[in-house]
Amino acid sequence: MQYLHTMVRVSDLDASLRFYCDLLGLKEVRRKENEKGRFTLVFLAASFDEARSARLTAPELELTYNWDPEEYSGGRNFGHLAYRVDDIYALCQKLQDNGVTINRPPRDGHMAFVKSPDGISVELLQKGDALEPQEPWASMENTGSW
């Protein structure tokens with residue numbers, strides 16, 4: 001058995017690509033347009049996994065965009081995506097500076113949660129040992145759910 005990808009449905013492909021690629025740093029590795037089925041699939045990989053994705057088409061995140069509007073709910077029910085990051089404080093600052101709510105701040109220098117434009121919870125985990133706690137994160141309260 002081999003893990004291939006996680007699929008999430010997105011309602012606004014541009015907003016989702018901005019979040020996952022421009023802000024989180026994932027890379028679009030391939031795209032499939034299906035006119036008959038009226039959907040677009042966009043496959044993303046973390047930079048560390050990009051070569052493996054090219055070779056194995058795994059591990060990846062698949063964004064499914066249905067051209068005909070649909071209502072999606074239950075992002076919390078999905079569970080969450082998790083990514084190891086080089087500097088959790090720098091990434092959380094970048095996300096916050098770009099209007100993303102930090103639902104569970106990295107008070108411990110190790111873990112944070114944010115949500116995609118479609119309400120998918122994304123867990124961010126500090127690579128290696130936890131960073132020393134620092135402000136404003138150390139005293140920041142949780143916001144909403146994750």
Practice problem: Identify, with sequence neighbours excluded, every residue that meets salt bridge (Lys or Arg N to Asp or Glu O under 4.0 Å) alongside K127. | Solution: D86
Exercise. State which residue, out of N142, L124, V114, fulfils the side-chain contact (heavy atoms from CB on, under 4.5 Å) condition with R104.
Key: N142
Practice problem: State plainly whether the residues E60 and R30 are in salt-bridge range, i.e. N to O under 4.0 Å. | Solution: yes
Quiz item: For Q93, which residues count as a side-chain contact (heavy atoms from CB on, under 4.5 Å) partner, sequence neighbours excluded?
Solution: Q96, D97, W137
Quiz item: Partners of H110 by side chain to side chain donor-acceptor pair (under 3.5 Å), sequence neighbours excluded?
Solution: none
Quiz item: Can you tell me how far CD of E123 sits from NE2 of H80, rounded to the nearest 0.5 angstrom?
Solution: 4.0 Å
Exercise. To the nearest 0.5 Å, tell me how far H5 NE2 sits from M7 CE.
Key: 7.5 Å
Quiz item: Where is the tightest heavy-atom contact between K115 and V100, given as atom of each residue plus distance?
Solution: O-CG1, 4.3 Å
Practice problem: Not counting sequence neighbours, which residues clear salt bridge (Lys or Arg N to Asp or Glu O under 4.0 Å) with R107? List them please. | Solution: none
Quiz item: What pair of heavy atoms forms the shortest contact from P106 to I88, and how long is it?
Solution: CB-CD1, 3.9 Å
Quiz item: Does a sphere of radius 6.0 Å around CD in E132 hold more than 12 heavy atoms from other residues, nucleotides or ligands, not counting ones at 6.0 Å or beyond?
Solution: no
Quiz item: Taking S53 for the side chain and T57 for the main chain, is one N or O donor matched with an acceptor at less than 3.5 Å?
Solution: no
Quiz prompt | Donor-acceptor under 3.5 Å (N34 side chain, K36 main chain) | solution = yes
Quiz item: Looking at residues at least two apart in the chain, or sitting in another chain, which of them share a side chain to side chain donor-acceptor pair (under 3.5 Å) with T40?
Solution: E33, W67
Exercise. Look up atom OG1 in T64 and atom CZ in R9, then write down how far apart they are to the nearest 0.5 Å.
Key: 6.0 Å
Contacts under 3.5 angstrom, residues 14-24 side chains, donor-acceptor by atom type, not counting sequence neighbours:
unit_1 : atom_1 : unit_2 : atom_2 : d
S16    : OG     : D12    : O      : 3.1
S16    : OG     : D118   : OD2    : 3.2
R18    : NH2    : N98    : OD1    : 3.0

Quiz item: side-chain contact (heavy atoms from CB on, under 4.5 Å) with P136: which residues, sequence neighbours excluded?
Solution: M140
Self-check item: Minimum-distance pair of heavy atoms, taken over all atoms of P133 and Y89
Solution: CA-OH, 3.3 Å
Quiz item: What pairs with T143 under side-chain contact (heavy atoms from CB on, under 4.5 Å), at least two apart in sequence or on another chain?
Solution: T101
Quiz prompt | Non-hydrogen atoms of A45 and E50 that approach each other most closely | solution = CB-CA, 4.3 Å
Exercise. Could you tell me whether R31 and E28 have a side-chain N and a carboxylate O separated by less than 4.0 Å?
Key: yes
Self-check item: Between OG on residue S145 and CG on residue N103, distance to nearest 0.5 Å
Solution: 6.5 Å
Practice problem: For R84, check salt bridge (Lys or Arg N to Asp or Glu O under 4.0 Å) against everything at least two apart and list the hits. | Solution: none
Practice problem: Report the residues that fulfil salt bridge (Lys or Arg N to Asp or Glu O under 4.0 Å) with D87, sequence neighbours left out, ordered by chain and then residue number. | Solution: none
Quiz prompt | Shared-cluster residues of F39, by chain and number - hydrophobic side chains joined below 4.5 Å | solution = V29, L41, F43
Self-check item: Single-linkage hydrophobic cluster, 4.5 Å side-chain cutoff, L125 and W146 together
Solution: yes
Practice problem: Decide yes or no for V42 and Y65: does some side-chain heavy atom of the first lie under 4.5 Å from some side-chain heavy atom of the second? | Solution: no
Quiz item: Among all residues two or more places apart in sequence or in another chain, which pass the side-chain contact (heavy atoms from CB on, under 4.5 Å) test with E141?
Solution: none
Practice problem: Verify side chain to side chain contact (heavy atoms under 4.5 Å, CB included) between Q2 and L56, making sure each step is shown before the conclusion. | Solution: CA-CA 10 Å; Q2 176 190 12; L56 303 171; 3.8 Å; yes
